[in-house]
Visitor: 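Take a look at this one; I'll ask things after.
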Amino acid sequence: MAPPRVLMVAEKPSIAHSVASALSRGQMSTRRGSTEVHEFDGVFLGFNVQYKVTSVIGHVFGLDFPATYQDWKATDPLDLFEAPTVKTESNPKAHIRRHLSQEALGCGYLVLWLDCDREGENICFEVIECTGFGRNKDRSKVYRARFSSISEKDILKCMDNLVEPNKDEALAVDARQQIDLKVGVAFTRFQTAYFQGRYGNLDARVISYGPCQTPTLGFCVQRYLQLTTFKPEKFWTLHPYLIHDGYEIQLEWERQKLFDLDVATMLHKLVVGDGILEVTDISEKQESKSRPSGLNTVNLLKVASSALGFGPQTAMQLAERLYTQGFISYPRTESTAYPASFDFRSTLAAQANNPTWGSYVEKLLVDGYHKPKSGTDAGDHPPITPVNSATEVVLGNDAWRLYQYVCQHFLGSISPDLKYIRKKVKFTIGGELFHCVGHHITNKGFTSIMPWLAINEKSLPQFTKGEKLKTSKVELHEGNTTAPDFLSESELISLMEKNGIGTDASIPVHINNICERNYVQVQAGRKLAPTALGISLIRGYQSIDADLCLPDIRSFIEQQITLVAKGQVDHSHVVSHVLQQFKQKFLYFTKQIGNMDVLFEAQFSQLADSGRPLSRCGKCLRYMKYISTRPPRLYCNTCEEVYHLPQNGTIKLYKELTCPLDSFELLIFSMPGPEGKSFPLCPYCYNSPPFEGIDTLFGAGRMGNSNNPGKGAGMPCFLCPHPTCRHSLITQGVCACPECNGTLVLDPISAPNWKLFCNMCNCLVLLPQGAHRVSTTPDRCPDCDSMIIEVDFNKKATPLEDGATLHKGCILCDELLHSLVVVKHGKSFLDEVREEGAEEWEDLGGVQAAAVRKWSILRCLFEVSNGCLCQH
DNA sequence: GCAAGGTC
């Protein structure tokens, strides 16, 4: 009989690899799947078994509202508090659910190696669900490995102490998901709809609220309000000087500063009047400055922002890459304590040949490195350390600078402390006390490798107690207290950490969010300056319900779900209790929104007053206003309707031409750059495509927001199957795209650099340059069914005989035309998506192929019904 | 178009 099989699942591929390596002593075979699967034979609970170790990639599922609640207009945000929720695969393309269910087949046991935190515990139950162990297999065959580090020793040890997964901790995460989703989405939808419907120059597509992002913004605005309301105060300081051994020394006042000029002047007179300083005390003290403990994520992010100028998002991307390339250890960790088993000698030895700090490493290896400071062990991953040695040439400048810091910090953490002697000499004069301080470094310790933390050597001349010295001068210096600066990103990270806002992995996301939503702007030195929108939001919350933007809103949720994690309160009870409270807050907020609106009114202009007249509405025939700030829109004052437009390009009126379907005046949209294409669109059709399904047909909703036609991307004219309109796909489409299933369409305003562009991919066809006119004709090529085009060449540059300028033909079959066209690749709607990954691109290809099939069906239908689709 | 949390 075949030995029983044991399936083990980790949270990420790297841990599956570590676990398998440890348990198999490196004797495993690995095969690819959705994630790698490592197989080997071994002993489990005293039996010989076959092991399979694989992993998920973080959470398998995410929480969302069902489709019926996805329409922003049709759903009352208030209903979201009681709405059902659904779990959907967070990354459907990775097929993790399928992977787990397949790998679980034939396995008698499941061992869960998810990270040992609440999220990990929650993922345990996602894995149980996917593997089927929860339903039809014996639950007692599910085991939880509780490991304290990924070291071989800990992995082996915890195999002897397998426990049960903790349902309460998992439920706490479920509770948090429910609360965050419902609260965040309800507030976000409400305030977005409210303010976007009223103001024209709000430079934000969505005005979001969240229990992490909003307090994060709150910190930035709080500092901003401090600095704008700051009133400088004058103060005075007293500095006597003396000359000793030819050096002038400035003495510091024991009182430091006084805010009263009369008193300061009086004391100044007393000191000047006396004129003789008496040395009252000389002390020397051995001091030390401690080496750092291990480096965790949050500290790395702070240094990256304040010293290297990298934002948290960038820093994490660089760190992630250094990790996957094997140069540093896992970069997401809370721990600053090294595990007992940490191999310092090997880690050091790997750096011995480094040209920059190799000699320092050699010295540590010879003299002996120091035991690191204790730090805190969060039980997740060891501190961030270098793994393999690297050079700037290999890594590139940015990654190198981050890597260099990781190395310096590691070496610093096992170097001696900085030791110095601090000498303080005290003086008295005119009844006032002064002093001067000198430093003598006895051991630079870790500051040799982290020089920015060094203390400057400052020597003092020899004084003797009781010595009397003449002052050379006494200054009364006037100063001003200065306003605090904008909050620095690094300070923000500290505040977030201190207040429990976000986690090491999500802090960068929240900061990025408030930047992208245009609530704050990153200034030089990575200082965060809130925008008018950010300030109005926070001041608005403060005027309605300050709780909404205070950090306690997060701690409140955390504290409530901790009750679930500890098994003290039922999960659904906590969820409904917390949601009830937020619903009350929501109701009050919506009732009082006027308080916030007053602030918006002062900053932004009303929709009706915004923008400039651009094109006529097809319903009332009045001019609509073009609002160019994001999201770009047209607003019809009479009909009170908003029509969204494509973004990231320019919009112009298109020769006052109108759409035959609805009489709206056409616009022309041009993408930036010399090869940017232009296309006409009807504002009405674009927002409400008259041919059912055409908006989703072309995967428009999935194009990302790079150069796509924008939100509500419906139907520009190049997708319109109207048979006779001179701007439609039918009349402007020339031939099939050589590279995809799209159609090459004539760019109507590309003169004199006439071109065709594909309505799906980035294929671009340059037509004979310098022509006066290029136009489509009603005729088709008898050989290939392409549209015959007519070219009116420039008299001076015509390739035609006898100076003729007019030529008709098929660009594929006509020898002359064919020899004059060039296929290129310009900016596509899909460019950015394509860069994100080949897989995504292929999938989009699939969507397009399906779209084209559907589209040709539509066209057939259209031709049959012959234009009766005109009404909408 | 929306939250926050994993991870790539």
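Lettering follows sequence order; numbering is per chain, from 1.
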Visitor: Rounded to whole Å, please give me the gap between CG in A:Asn91 and P in B:dT7.
Guide: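 It works out to 14 Å between those atoms.
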
Visitor: Taking the side chain of A:Arg332 as its heavy atoms from C-beta onward, which of B:dG6, B:dC8, B:dG1 lies nearest to it?
Guide: B:dC8

Visitor: Once hydrogens and angles are ignored, does a donor-acceptor distance under 3.5 Å link the base of B:dC2 to the side chain of A:Gln213?
Guide: no

Visitor: Checking contacts here: which listed nucleotide (B:dG1, B:dC8, B:dG5) is nearest the side-chain heavy atoms of A:His59?
Guide: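 Ranking B:dG1, B:dC8, B:dG5 by closest atom to the A:His59 side chain puts B:dG5 first.
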
Visitor: What nucleic acid atoms does A:Thr503 come within less than 4.0 Å of, heavy atoms only: base, sugar-phosphate, or nothing?
Guide: sugar-phosphate

Visitor: Write down the distance between CD1 (A:Ile553) and P (B:dA4), rounded to a whole number of angstrom.
Guide: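 Distance check: A:Ile553 CD1 to B:dA4 P gives 12 Å.
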
Visitor: Would a distance-only check, ignoring hydrogens and angles, find a side-chain to backbone donor-acceptor pair under 3.5 Å from A:Asn512 to A:Pro508?
Guide: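 Pair absent, no side-chain N/O of A:Asn512 close to backbone of A:Pro508.
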
Visitor: Does A:His510 make a side-chain N or O approach to OP1 or OP2 of B:dG5 shorter than 4.0 Å?
Guide: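 Yes, because at least one side-chain N or O of A:His510 sits under 4.0 Å from OP1 or OP2 of B:dG5.
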
Visitor: Considering every strand and a 4.0 Å limit on heavy-atom distances, what is the contact class for A:Arg554: base, sugar-phosphate, or nothing?
Guide: sugar-phosphate

Visitor: Find the distance A:Met316:CE to B:dT7:P and express it as a whole number of Å.
Guide: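 Whole-Å distance recorded here is 9 Å.
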
Visitor: If you compare every side-chain N and O of A:Ser506 against the phosphate oxygens of B:dG5 (OP1, OP2), does one of them come in below 4.0 Å?
Guide: yes

Visitor: If you find the nucleotide of DNA chain B closest to A:Val206 and the one closest to A:Tyr323, which residue's nucleotide is nearer the 5' end?
Guide: A:Val206

Visitor: Pull out every residue in residues 179-190 of chain A that has a heavy atom closer than 4.0 Å to any atom of DNA chain B, ordered by number, or say none.
Guide: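 Here the set is A:Asp180, A:Leu181, A:Gly184, A:Val185, A:Thr188, A:Arg189.
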
Visitor: Reckon A:Arg517 touches a base, only the sugar-phosphate, or nothing at all at heavy-atom distances under 4.0 Å?
Guide: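 It contacts sugar-phosphate atoms only.
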
Visitor: Just the rounded figure in Å: distance from P of B:dG5 to CD1 of A:Ile96.
Guide: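 Going from CD1 in A:Ile96 over to P in B:dG5 covers 22 Å.
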
Visitor: Do other residues, nucleotides or ligands put more than 12 heavy atoms under 6.0 Å from the CD atom of A:Gln521?
Guide: no

Visitor: Expressed as a whole number of angstroms, how long is the span from A:Glu89:CD to B:dT7:P?
Guide: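 Going from A:Glu89 (CD) to B:dT7 (P), I get 18 Å.
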
Visitor: Is the shortest heavy-atom distance from the side chain of A:Val578 to the side chain of A:Phe556 under 4.5 Å?
Guide: yes

Visitor: Assuming nearest nucleotide by heavy-atom distance, tell me which of A:Ile57 and A:Ile501 is located more 5' along DNA chain B.
Guide: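 Mapping each residue to its closest nucleotide by heavy atoms, the 5'-most match is A:Ile501.
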
Visitor: Looking at every strand, decide which applies to A:Gln178 at a 4.0 Å heavy-atom threshold: base, sugar-phosphate, or nothing.
Guide: nothing

Visitor: Can you tell me which nucleotide in B:dG5, B:dA3, B:dG6 comes closest to the side chain of A:Ser208?
Guide: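 Nearest to the side chain of A:Ser208 among the choices is B:dA3.
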
Visitor: Compare the minimum distances between each of B:dG1, B:dC2, B:dG6 and the side chain of A:Gln196, then state the nucleotide with the smallest one.
Guide: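 So the side chain of A:Gln196 is nearest to B:dG1.
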
Visitor: Would you call A:Asp64 and A:Gln70 a side-chain contact if the rule is heavy atoms closer than 4.5 Å?
Guide: yes

Visitor: Give the nucleotide from the list B:dT7, B:dG5, B:dC2 with an atom nearest to the side chain of A:Trp72.
Guide: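 The answer is B:dC2, which lies nearest to the side chain.
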
Visitor: Just checking A:Asp64: base, sugar-phosphate only, or nothing, at a heavy-atom cut-off of under 4.0 Å?
Guide: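 Contact class for A:Asp64: base.
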
Visitor: Give me the one residue out of A:Thr562, A:Asp168, A:Asn166 that meets side chain to side chain donor-acceptor pair (under 3.5 Å) with A:Arg118.
Guide: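 Of A:Thr562, A:Asp168, A:Asn166, side chain to side chain donor-acceptor pair (under 3.5 Å) with A:Arg118 is met by A:Thr562 alone.
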
Visitor: Just checking A:Gly62: base, sugar-phosphate only, or nothing, at a heavy-atom cut-off of under 4.0 Å?
Guide: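 Nothing, no nucleic acid heavy atom in range.
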
Visitor: How long is the line joining CG of A:Leu80 and C1' of B:dC2, in whole Å?
Guide: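 Nearest whole value for this atom pair: 9 Å.
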
Visitor: Do A:Ile538 and A:Tyr519 come within less than 4.5 Å of each other through their side chains, counting heavy atoms only?
Guide: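 No, their side chains stay 4.5 Å or more apart.
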
Visitor: Would A:Phe195 and A:Phe604 count as a close aromatic pair, with their ring centres under 6.0 Å?
Guide: no

Visitor: Taking atom C1' of B:dA4 as reference, at what distance in whole Å does atom CD1 of A:Ile123 sit?
Guide: 13 Å

Visitor: Base, sugar-phosphate, or nothing for A:Asp115, non-hydrogen atoms under 4.0 angstrom?
Guide: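 Result for A:Asp115 = sugar-phosphate.
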
Visitor: Between A:Val387 and A:Tyr323, is there a side-chain heavy-atom distance shorter than 4.5 Å?
Guide: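 In short, these two side chains do not touch, never coming nearer than 4.5 Å.
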
Visitor: When we call it a touch if two heavy atoms are under 4.0 Å apart, what does A:Tyr209 touch: a base, just sugar-phosphate, or nothing?
Guide: sugar-phosphate

Visitor: Could you tell me how far apart A:Glu558 (CD) and B:dA3 (C1') are, to the nearest whole angstrom?
Guide: 13 Å

